[in-house]
A.B. asks: 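Take this structure first; my questions come after.
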2 protein chains.
Amino acid sequence: MEKDVTIYDIAKLLQLSPATVSRALNDHPAINSNTKVIIASKAKEMGYRSNMFASNLRRQRTSTIGVIVPRLDSAFMSTVLAGMEKVANEANYNLIISQSLESFKKEVANTKTMFDSRVDGLLVSLASDTENLDHFNTFFRKGIPMILFDRVIEQKNCTNIVIDNVKAGYEATAHLIDQGCRRIMHITGSIKRNVYADRLKGYRLALMDHGLEGADELVKITNLTREDGVQAAADIQQMNSPPDGLFVASDFCAVSCMGALMQAGVSIPDDMAVVGFNDDPVAQVIQPSLTTIHYPGQEMGEIAAQSLINHLNGLLRINTTNTILLNYELIVRKSSQRHL
Amino acid sequence: MEKDVTIYDIAKLLQLSPATVSRALNDHPAINSNTKVIIASKAKEMGYRSNMFASNLRRQRTSTIGVIVPRLDSAFMSTVLAGMEKVANEANYNLIISQSLESFKKEVANTKTMFDSRVDGLLVSLASDTENLDHFNTFFRKGIPMILFDRVIEQKNCTNIVIDNVKAGYEATAHLIDQGCRRIMHITGSIKRNVYADRLKGYRLALMDHGLEGADELVKITNLTREDGVQAAADIQQMNSPPDGLFVASDFCAVSCMGALMQAGVSIPDDMAVVGFNDDPVAQVIQPSLTTIHYPGQEMGEIAAQSLINHLNGLLRINTTNTILLNYELIVRKSSQRHL
DNA sequence: TTGTAAGCGTTATCAT
DNA sequence: ATGATAACGCTTACAA
């Protein structure tokens, strides 16, 4: 149990003042580059580590960024967080990560924890039932910046980082039409969430543009769980004129629905062509492999973190930027490819 | 941009000393319960929040726990972290979470970050190629406690929280034998990791106990990726006497292998019975659904966090405890159930 | 280029 | 039951 080394210890040994040591370690321009070298090597030798708490207390900032996400357990989110971590580490920021588990209540609790931890800024992807940003008012009032990514709500003075979900929904649907589908069902999540509302919008636009009729029974709002997928398959079996195409806003749900359909004797893609969303790893292991929309998690995380840090360093005002659109890609696999 | 409220502000308004305010807010027994109420309500009214940095600096501890995991993107890990978060929040600890992405190098870097953040303790699940715990020596030297969970290395003065992977591996294999399998292949990960080494041990024991012969060609060490699953399926096709049972140490890899086999015309479970590990959600959406080993993530997270916090509070010496075994469960689904 | 000293907001020791 | 005060380790005017 060794005692911690402080700048005073270094200073004493080197016959310098603590101030000089502090400045040297922070690469202050006024310090002789020679003494910098001496101090740095001595610090290393003594196993010095800066006391963030003293530093934070003095500087009145924490070099900590809070991250709130709905869930950690998706490949997408994991890559987002890897991107954030990379950028944050390079800029000497720490990350505090918490998951809302899709519960608004837990999101509010997490928000409070972040506030008490005095994070310098916030990166948030909203829970499925969050309807407004009032729980972040304490942050807004204090001028603590926040960036929303993927699951967002439009808000002035708050940058959003997203893909164009309307366009992606359109493209997914258009692809199905292209494959000969004429009656396309859309299974999606809570339309309180931009990602689902927008994909639905895109779906409807695509139908219209191709002169196809929409119908209420062809749009199912669910929680996109495994059970919802199975239920949807059962419902489809009951329909008088079942769909010949299926656009599901999440791969996992798409896969479970697909499985249930196949068990019931539906042939995919011939009787029913299917497109998912997210490019979850499951899309590639399933038979037939799932056509889906891919978008860049790592990049989204990096850009979100970098934008926030730039803002914190005064290099970019995020309230002027407002929306950053990333690219996505329709990945065509076997679940939708018909041999016309 | 309001200014922060301090205990001095509260003290001034209430004509008390900051010391009294501090004690009251910390529920010190010596303080009049009446004044406690007054102070608490005033604090709330003024929007006071304790400055963790001042407090940490003074107390010489951080109320922060570092968590290092190989990856965040599994349902298992997500529930582990949810359990940790729950316990940590209740005990007023913060979590700093980072992922090693299965890289020893990144694990070392994360360890350093945790050290610089002065976490009070560490909860770690090791990367697949980590061979020793030398990178935690800085922690051991300072007497900072660490608990390993799931992916562990035996070490004195360091509690491990695991399931009995030998027994689970045995049970998975015995189940296959029970279903009539006589030639069982085992696909697993780096045997540097206890989880894989132990499951392999259990597999071998089960074969022995049932008078079955093992063979080198029946054990495949891989990275348990999707590609590895596909490759394994291809290899199986090439074998002179292919196996009739398959025990894979990870569901995801099992599913991809199963898919490839089925595409090649192998019937599951009749030609080949399959058992996975982890009870990943994919096990239920796949056709046929996958028999697997389930174990409690939430509980593992809760116990790990609680043990560490108890140790930090002096309620439990973790170096005496050493290994906590949790229960697992073999969940029999369709991929292994033969109609004998 | 380096040094002095005050102060960040708490908590703990010692008084009262 | 409450108060005065020093100390935690660092940064930053201001001085030299």
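Each chain gets a letter, A, B and so on, in the order the sequences are listed, and its residues count up from 1.
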A.B. asks: Strictly below 4.0 Å, N to O, side chains only: are K86(A) and E302(A) in salt-bridge contact?
C.D. replies: yes

A.B. asks: Identify which nucleotide among dT2(C), dG3(C), dC10(D) has an atom closest to any side-chain atom of S17(A), counting heavy atoms from C-beta outward.
C.D. replies: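 In terms of side-chain proximity for S17(A), the closest of dT2(C), dG3(C), dC10(D) is dG3(C).
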
A.B. asks: Does F53(B) reach a base, just sugar-phosphate, or nothing at all? Heavy atoms under 4.0 Å.
C.D. replies: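 Nothing, no nucleic acid heavy atom in range.
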
A.B. asks: Can you tell me if the side-chain N/O atoms of Q60(B) get under 4.0 Å from OP1 or OP2 in dG9(D)?
C.D. replies: yes

A.B. asks: Please determine, for the side chain of A19(A), which listed nucleotide (dT10(C), dT4(C), dA4(D)) has the closest atom?
C.D. replies: dT4(C)

A.B. asks: What is the distance, rounded to the nearest whole Å, between atom NE2 of H28(B) and atom C1' of dC14(C)?
C.D. replies: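 For the pair H28(B) NE2 and dC14(C) C1', the rounded distance is 13 Å.
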
A.B. asks: In whole Å, I'd like the distance from the CG atom of L14(B) to the P atom of dG3(D).
C.D. replies: 10 Å

A.B. asks: With a 4.0 Å cutoff (strictly under), does any side-chain N or O of R58(B) reach OP1 or OP2 of dA7(D)?
C.D. replies: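 No.
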
A.B. asks: Quick one: Q15(B) CD to dA1(D) C1', roughly how many Å, whole number?
C.D. replies: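 That distance rounds to 17 Å.
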
A.B. asks: OP1 or OP2 of dT11(C) less than 4.0 angstrom from a side-chain nitrogen or oxygen of N26(B), does that happen here?
C.D. replies: yes

A.B. asks: Taking only the side-chain nitrogens and oxygens of T20(B), find out if one of them lies under 4.0 Å from OP1 or OP2 of dG3(D).
C.D. replies: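 Yes, T20(B) has a side-chain N/O under 4.0 Å of OP1/OP2 on dG3(D).
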
A.B. asks: So what does L16(B) hit on the nucleic acid, given a heavy-atom distance under 4.0 Å: a base, only sugar-phosphate, or nothing?
C.D. replies: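 Result for L16(B) = sugar-phosphate.
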
A.B. asks: Just checking S55(A): base, sugar-phosphate only, or nothing, at a heavy-atom cut-off of under 4.0 Å?
C.D. replies: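 Sugar-phosphate contact only - S55(A) comes under 4.0 Å of backbone atoms but never of a base.
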
A.B. asks: Which is true for T6(B) with a 4.0 Å heavy-atom rule: it touches a base, it touches only sugar-phosphate, or it touches nothing?
C.D. replies: sugar-phosphate

A.B. asks: For R61(A) and dT12(D), what is the distance between atoms CZ and P respectively, to the nearest whole Å?
C.D. replies: 9 Å

A.B. asks: Does the distance from a Lys or Arg side-chain N to an Asp or Glu carboxylate O, for R193(B) and D129(B), drop under 4.0 Å?
C.D. replies: no

A.B. asks: For a quick test of reading the model, state the closest non-hydrogen atom pair linking N51(B) to Y48(B) and the distance between them.
C.D. replies: N-OH, 4.3 Å

A.B. asks: Quick one: is Y8(A) getting a side-chain N or O under 4.0 Å of the dT11(D) phosphate, OP1 or OP2?
C.D. replies: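 No, because none of the side-chain N or O atoms of Y8(A) sits under 4.0 Å from OP1 or OP2 of dT11(D).
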
A.B. asks: Rounded to the nearest angstrom, tell me the gap between atom CD1 in I38(B) and atom P in dA1(D).
C.D. replies: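 I38(B) atom CD1 is separated from dA1(D) atom P by 14 Å.
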
A.B. asks: Quick check: closest heavy atoms across M146(A) and L148(A), and the distance to 0.1 Å?
C.D. replies: CE-CD2, 4.0 Å

A.B. asks: If the threshold is 4.0 Å, N to carboxylate O, is there a salt bridge linking K112(A) and E107(A)?
C.D. replies: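 Judged by the 4.0 Å cut-off on N to carboxylate O distance, K112(A) and E107(A) do not form a salt bridge.
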
A.B. asks: Taking CZ from R118(A) and C1' from dC8(C), how many angstroms apart are they, rounded to a whole number?
C.D. replies: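 Whole-Å distance recorded here is 11 Å.
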
A.B. asks: Can you check whether S22(A) has a side-chain N or O nearer than 4.0 Å to OP1 or OP2 of dT11(D)?
C.D. replies: yes

A.B. asks: Between the base of dT13(C) and the side chain of R23(B), is there any donor-acceptor pair under 3.5 Å?
C.D. replies: yes

A.B. asks: Rounded to whole Å, how long is the line connecting atom CG of L25(B) with atom C1' of dT2(D)?
C.D. replies: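 Distance, rounded to whole Å: 15 Å.
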
A.B. asks: Test your reading of the model: is there a side-chain donor-acceptor pair from S190(A) to the backbone of K192(A), 3.5 Å cut-off?
C.D. replies: yes

A.B. asks: Report the distance from atom CG of N51(A) to atom C1' of dT10(C), rounded to the nearest whole Å.
C.D. replies: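 After rounding, the reported distance stands at 13 Å.
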
